[in-house]
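Everything below concerns the one structure shown next.
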Protein chains: 2
Amino acid sequence: MYPFLDSENGCLLNGMSHTTGIRQAQKLKTRQALLDAALELLEHQSLSSLGLREVTRAVGVTPTAFYRHFDGTAALGVALVEETLGSLHGMIGAILADTGDSEERLDRSVDLITRHVTEQPAHFRFIAREQHGGVGQVRAAIAAQLRGFALEVAQVLGAEPESAGWDREDLLMLGGLYVDHMVLTASALLEAGPEGEQEVVRVARRRLRLVTLGRAHWLDRP
Amino acid sequence: MYPFLDSENGCLLNGMSHTTGIRQAQKLKTRQALLDAALELLEHQSLSSLGLREVTRAVGVTPTAFYRHFDGTAALGVALVEETLGSLHGMIGAILADTGDSEERLDRSVDLITRHVTEQPAHFRFIAREQHGGVGQVRAAIAAQLRGFALEVAQVLGAEPESAGWDREDLLMLGGLYVDHMVLTASALLEAGPEGEQEVVRVARRRLRLVTLGRAHWLDRP
DNA sequence: GAAGTCAGTGAACAGTCGTACTCTCAAAGC
DNA sequence: GCTTTGAGAGTACGACTGTTCACTGACTTC
């Protein structure tokens, strides 16, 4: 009945106490399998061409079972957005909390993005691809998440002494600029592949340096 | 035989001299009709989900006729890229050639982009959507065109007195930065719609101002 | 331990898809 | 004026799509 489930997982589930519920755990597992399969299939196509049956076939489940978890492929896309970007919200602080030298922090930011992209390329590819993709609901979900990131960045930057005298709107502009360049860098890394990675990293660093320079002189004159 | 062709065009074609060839003109007209129909259909979906039959149906042509013009939807996408961005190469100069006050030039640049996007939204939407889309050939075609734009911008900027002492690599970085933000602004304008246009324009101006500020202080210290 | 819930099955539905044929007939070339 | 060319028509093919329905049977609940 659960063809993608091996005995190991079955034992693991049996080990759980009665509080969780075997049934619910199974359902979540199938749901996750659908998400994983979809993410893999989306490596070479975009969401608007992803077939419902295509996903269920990859998981080993009947097409009908899909509807137990999502209304359609668009809903699956929204879920993928939350899975990908929802877990990244803490990372912003980790990058920017480092109050060391500006140049060093800049390099470390780019390195951290590079590492995340190379570790889970499919997730970032999905975001880059569907950010301007054909499914409106997914675009909206990504935009909402990225707006949240921009706000976080703006808050962190606003607390720094370099941002004295900045109004809220300019800080949001700067935060959005950083976030957009994160996504742009991630996409460029995916497109370049391992051999072109260093070149992308170098350019990304220079871009960030230029933006940081602009930030330092933002209030030079009225 | 050419159901989308009205008599007016027929007369127009008859008026052409024998050099052109009625037949070739008709073929080009069908080809253009396919491109236009595809562009319209791509407003609510991405290229990887665009059906060959879907396009021919919109034009009023047999699916078989499609192959007389393109190998498949991917080739049509590449043609769309060249149609959209190929005609824009002169615009770069028109934007940046204005050697007036920096602030004024900046505003005029954003206004020019805004005007172009509102005048032909489908073209820009297509580029923004397929820049990171699911069809590799189209991604490559867009990337090549944008690289060309970045090079043009870099050349124009390099000729200005503000760029004294800049090496070629930094100029390319700056050119790419400008181009990427053009695309980003275009996409934001499309997403915001007419009511949100002014807000997008304001943020885009600030971003450009910050980048220009960073440019002015790029060589301040080694 | 009996009754109920519900994740997943299997069959069937009416469409759509890309592509391969042959055929037509107006324009092009001599 | 004849032949050649080629853009598009028409038909057919097998494969795939999203969605529906009644169903099974392992888990849950009382």
Side-chain angles (χ1 to χ4, degrees), chain A residues 1-5 7 9-35 37-38 41 45-77 135, chain B residues 1-5 7 9-35 37-38 41 45-77 135:
Chain A
M1 200 175 192
Y2 304 102
F4 57 88
L5 216 66
S7 58
N9 293 325
C11 294
L12 213 134
L13 289 171
N14 288 338
M16 290 178 176
S17 69
H18 56 285
T19 55
T20 56
I22 299 179
R23 205 163 194 176
Q24 193 174 352
Q26 283 287 13
K27 181 171 184 179
L28 282 177
K29 200 158 181 60
T30 304
R31 185 188 137 101
Q32 191 59 46
L34 287 169
L35 288 171
L41 289 168
Q45 60 184 326
S46 43
L47 184 68
S48 71
S49 72
L50 181 68
L52 178 154
R53 297 181 96 106
E54 199 177 351
V55 180
T56 59
R57 194 186 310 127
V59 175
V61 166
T62 306
T64 335
F66 185 92
Y67 292 106
R68 301 283 182 190
H69 305 276
F70 308 103
D71 279 348
T73 51
L76 179 136
V135 183
Chain B
M1 200 177 192
Y2 303 102
F4 58 88
L5 215 66
S7 57
N9 292 326
C11 293
L12 213 134
L13 288 171
N14 288 339
M16 289 179 177
S17 69
H18 56 284
T19 56
T20 55
I22 299 179
R23 203 160 195 179
Q24 194 173 351
Q26 281 288 12
K27 181 170 184 180
L28 282 178
K29 199 158 181 61
T30 304
R31 185 189 138 101
Q32 192 58 45
L34 288 169
L35 288 171
L41 289 168
Q45 60 183 326
S46 44
L47 184 69
S48 71
S49 72
L50 181 69
L52 178 153
R53 296 182 97 105
E54 198 176 352
V55 180
T56 60
R57 195 186 309 129
V59 175
V61 166
T62 306
T64 348
F66 185 92
Y67 293 105
R68 301 282 182 190
H69 305 275
F70 308 103
D71 280 348
T73 52
L76 180 135
V135 183

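Values in this document were obtained by computation on a predicted structure and should not be read as measured data. Below, read A as the first sequence line, B as the second, and so on, with proteins coming before strands; counting in each chain starts at 1.
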Whole-Å distance separating the CG atom of D71(A) from the P atom of dG18(D): 14 Å
Interatomic spacing from CG in L34(B) to NE2 in H69(B) - rounded to 0.5 Å: 5.5 Å
Distance in angstrom units between R68(A) CZ and dT24(D) C1', rounded: 12 Å
Length of the CZ-C1' vector between F70(A) and dG8(C), whole Å: 15 Å
Spacing between R53(A) atom CZ and dC13(C) atom C1', to the nearest angstrom: 10 Å
Atom pair distance, as rounded to whole Å: CD in Q24(B) and C1' in dA26(C): 16 Å
Side-chain donor/acceptor of T30(A) to base of dG8(C), under 3.5 Å: no
Pairwise 5' ranking along DNA chain D for Y67(A) and A65(B), keeping only the more 5' one: A65(B)
Side-chain touch L76(B)/L35(B), heavy atoms, less than 4.5 angstrom: yes
Length of the CD-P vector between E54(B) and dG15(C), whole Å: 17 Å
dG15(C) OP1/OP2 closer than 4.0 Å to side-chain N/O of R57(B): no
Atom pair CZ/CZ of F70(A) and R31(A) - distance to nearest 0.5 Å: 4.0 Å
Any donor-acceptor N/O pair under 3.5 Å between dT29(D) base and R23(A) side chain: no
pair Y67(A)-L52(A): side-chain heavy atoms closer than 4.5 Å: yes
Residue closer to the 5' end of DNA chain C, T64(A) versus L52(B) (nearest nucleotide): T64(A)
Atom pair distance, as rounded to whole Å: NE2 in H69(A) and C1' in dC6(C): 11 Å
Nearest-angstrom distance from the residue atom NZ of K27(B) to C1' of dA27(C): 14 Å
